[in-house]
Amino acid sequence: MTLDRRAAPAVENSGPAIAVHRLTKRSGERTAFLEVSFEVGSGEVFGVLGPHGAGKTTTVRTLGTLIAPTSGSATIAGVPLAPENEVEIRRRIAIMPESPGLYLRLTVAENLEYFAGLYEAPDPKDRIGRADEHDAHPGDLP
Ligand SMILES: Nc1ncnc2c1ncn2[C@@H]1O[C@H](COP(=O)(O)OP(=O)(O)OP(=O)(O)O)[C@@H](O)[C@H]1O
Ligand SMILES: [Mg+2]
């Protein structure tokens with residue numbers, strides 16, 4: 001696989017930030033979510049409410065390209081959700097999951113350096129410095 005090492009353009013998508021059309025995730029007999037459709041405008045704060053097991057987290061994981069939908073379609077930051085677009089989508093989004101996958105034996109700065117490297121973020125040093133003023137370990141944080 002060849003990665004395009006350029007940073008994603010900051011704002012080039014004039015349409016909705018997220019557009020989801022009849023998106024469905026099934027696994028055997030189990031349906032995680034069924035024919036979900038919604039749109040989120042750029043800059044809009046959008047919340048999803050639902051009971052335990054309603055499919056909220058699975059929807060976010062699907063839109064974040066971590067798992068593939070069974071049917072339906074979506075566009076994230078102007079990029080169609082498709083296996084060949086996963087890298088392009090991940091470059092343009094950020095997700096704060098319920099259980100952040102941080103390395104507790106690394107410092108905050110080391111974690112940020114590691115993930116900046118994975119995302120091939122250009123010149124991340126300044127941003128890392130601003131985010132990590134105390135050189136703490138993630139386990140030290142409240
Ligand atoms: N990769 C997957 N493929 C298919 N089904 C899945 C997958 N991951 C989770 N599910 C199923 O999706 C359903 C919805 O779970 P999910 O965790 O998305 O609900 P939730 O709305 O986030 O619940 P909670 O409020 O408890 O966080 C569950 O039945 C779960 O087993
Ligand atoms: Mg959840």
Side-chain angles (χ1 to χ4, degrees), residues 1-122 124 126-142:
M1 184 170 73
T2 313
L3 286 178
D4 177 353
R5 290 173 181 274
R6 286 170 307 167
V11 179
E12 130 190 318
N13 169 39
S14 56
I18 305 173
V20 180
H21 183 66
R22 301 183 71 173
L23 202 66
T24 296
K25 178 64 183 179
R26 283 202 190 87
S27 184
E29 297 286 295
R30 182 170 267 184
T31 300
F33 55 86
L34 180 65
E35 306 229 332
V36 173
S37 300
F38 62 89
E39 260 190 34
V40 182
S42 186
E44 182 181 358
V45 176
F46 185 88
V48 180
L49 301 177
H52 175 58
K56 305 178 293 293
T57 298
T58 312
T59 302
V60 170
R61 288 170 59 80
T62 304
L63 296 176
T65 77
L66 297 173
I67 52 178
T70 311
S71 60
S73 61
T75 304
I76 323 291
V79 182
L81 183 62
E84 65 272 22
N85 291 339
E86 285 178 2
V87 171
E88 194 59 33
I89 290 172
R90 287 183 194 201
R91 289 200 153 154
R92 291 158 186 261
I93 64 171
I95 296 178
M96 176 64 77
E98 290 138 272
S99 321
L102 297 172
Y103 293 99
L104 298 182
R105 281 196 277 177
L106 298 183
T107 65
V108 170
E110 287 165 346
N111 270 282
L112 291 172
E113 278 161 19
Y114 178 72
F115 286 106
L118 284 184
Y119 279 84
E120 299 180 337
D126 281 355
R127 289 169 64 194
I128 291 173
R130 286 200 299 277
D132 176 47
E133 291 178 350
H134 309 293
D135 197 31
H137 283 79
D140 302 335
L141 300 174

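Read the numbers this way: they start at 1 and go in the same order the structure lists the ligands and their atoms.
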Note the single closest protein heavy atom to [atom], along with its residue, its atom name and the distance in Å.
atom	value
atom 28 (C) of ligand 1	G53 O, 4.4 Å
atom 5 (N) of ligand 1	A32 CB, 3.6 Å
atom 1 (N) of ligand 1	I67 CD1, 3.7 Å
atom 3 (N) of ligand 1	K25 CE, 3.4 Å

Minimum-distance pair of heavy atoms, taken over all atoms of [X] and [Y]:
X	Y	value
K56	H52	NZ-N, 4.5 Å
T107	E110	N-OE1, 2.8 Å
T24	E35	OG1-N, 2.9 Å
L63	L23	CD2-CD2, 3.8 Å
P80	N85	O-ND2, 2.8 Å
P16	A19	CG-CB, 4.0 Å

Hey, is R30 touching ligand 1 through its side chain, its backbone, both or neither, going by heavy atoms under 4.0 Å?
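The part of R30 near ligand 1 is the side chain, not the backbone.
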Out of R61, H52, K56, E98, who is nearest to atom 26 (O) of ligand 1 when you count heavy atoms only?
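Answer by nearest heavy atom: H52.
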Given side chain to side chain donor-acceptor pair (under 3.5 Å), test R90 with T65 step by step and report yes or no.
CA-CA 7 Å; R90 287 183 194 201; T65 77; 2.7 Å; yes
Taking distance alone, with no angle check, do [X] and ligand 1 share an N/O pair under 3.5 Å?
X	value
A54	yes
R26	no
G55	yes
T58	yes
S27	no

If the plane angle is over 60° it's perpendicular, under 30° parallel, otherwise tilted; pick one for Y114 and Y103.
perpendicular
Identify, by atom number and element, the atoms of ligand 1 in contact range of T57, meaning under 4.0 Å from any of its heavy atoms.
17 (O), 18 (O), 20 (P), 22 (O), 27 (O)
Under 2.8 Å from the Mg ion (ligand 2), is there any N, O or S atom belonging to T58?
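Here the distance criterion (N, O or S atom, under 2.8 Å) is not met by T58, so no.
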Any donor-acceptor pair under 3.5 Å linking the side chain of S42 with the backbone of A17?
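Between the backbone of A17 and the side chain of S42 there is no qualifying donor-acceptor contact (under 3.5 Å).
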